[in-house]
**Q** 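Got a structure for you, questions after.
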Amino acid sequence: MRHIHLDDGFRLRFPGRSEDFDQGVEIGMLAVLMDFKTPEFRRWISKGNLSQVRALATQLGYRVIENGAEDDWIELVFQNGPVRSSLRLVHSVA
């Protein structure tokens, strides 16, 4: 049994259920968020679900950016819409 991260500080767990069930709940939760066309959101997911999450995100028009990892978890940033350019200040050594 493991926790499913719904939001910051809010987790669910289903005692007596299988890992497949937990992964299905995780995928379902992300599918709903993506169906809302939320421009950007972050979620921690189990690393075992990463390939399925990436495939779903691609089908629904989201980019997935890995933001960090701990043990069996990975934090992902989901972005929908046009890619904005990011500017960086670069110092030259002259």
**Q** Considering only Ile, Leu, Val, Met, Phe, Trp and Tyr, and joining two whenever side-chain heavy atoms are under 4.5 Å apart, list the other residues clustered with Val32.
**A** Phe36
**Q** Restricting to non-hydrogen atoms, name the atom on Ala31 and the atom on Leu60 that form the minimum distance, rounded to 0.1 Å.
**A** O-CD1, 4.4 Å
**Q** Show which residues join Val77 in its hydrophobic cluster (side-chain heavy-atom contacts under 4.5 Å, direct or indirect), or state none.
**A** Ile65
**Q** Which distance, rounded to the nearest 0.5 Å, do you find between the CD of Gln23 and the CG of Asn49?
**A**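 CG of Asn49 is found 4.5 Å from CD of Gln23.
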**Q** If you look only at pairs with a residue in residues 46-57, which of them pass as a salt bridge (charged side-chain N to carboxylate O under 4.0 Å, His left out), with sequence neighbours excluded?
**A** Arg54-Glu66
**Q** Check step by step if side chain to side chain contact (heavy atoms under 4.5 Å, CB included) holds for Met34 and Asn80.
**A** CA-CA 8 Å; Met34 287 185 248; Asn80 185 12; over 6 Å; no
**Q** Can you check side chain to side chain contact (heavy atoms under 4.5 Å, CB included) on Leu56 and Tyr62, steps first, answer last?
**A** CA-CA 9 Å; Leu56 178 65; Tyr62 276 82; over 6 Å; no
**Q** Answer whether the closest heavy-atom distance between the side chains of Val25 and Phe14 falls below 4.5 Å.
**A** yes
**Q** Do side-chain atoms of Gln52 reach the backbone of Ile27 as a donor and acceptor pair under 3.5 angstrom?
**A**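 Here the side-chain-to-backbone pair does not exist.
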**Q** At what distance, to the nearest 0.5 angstrom, does CG of Asn67 lie from CH2 of Trp44?
**A**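 The CH2 atom of Trp44 is 8.0 Å from CG of Asn67, to the nearest 0.5 Å.
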**Q** Run the side chain to side chain contact (heavy atoms under 4.5 Å, CB included) check on Val53 and Arg43 step by step: do they pass?
**A** CA-CA 11 Å; Val53 167; Arg43 287 297 180 272; over 6 Å; no
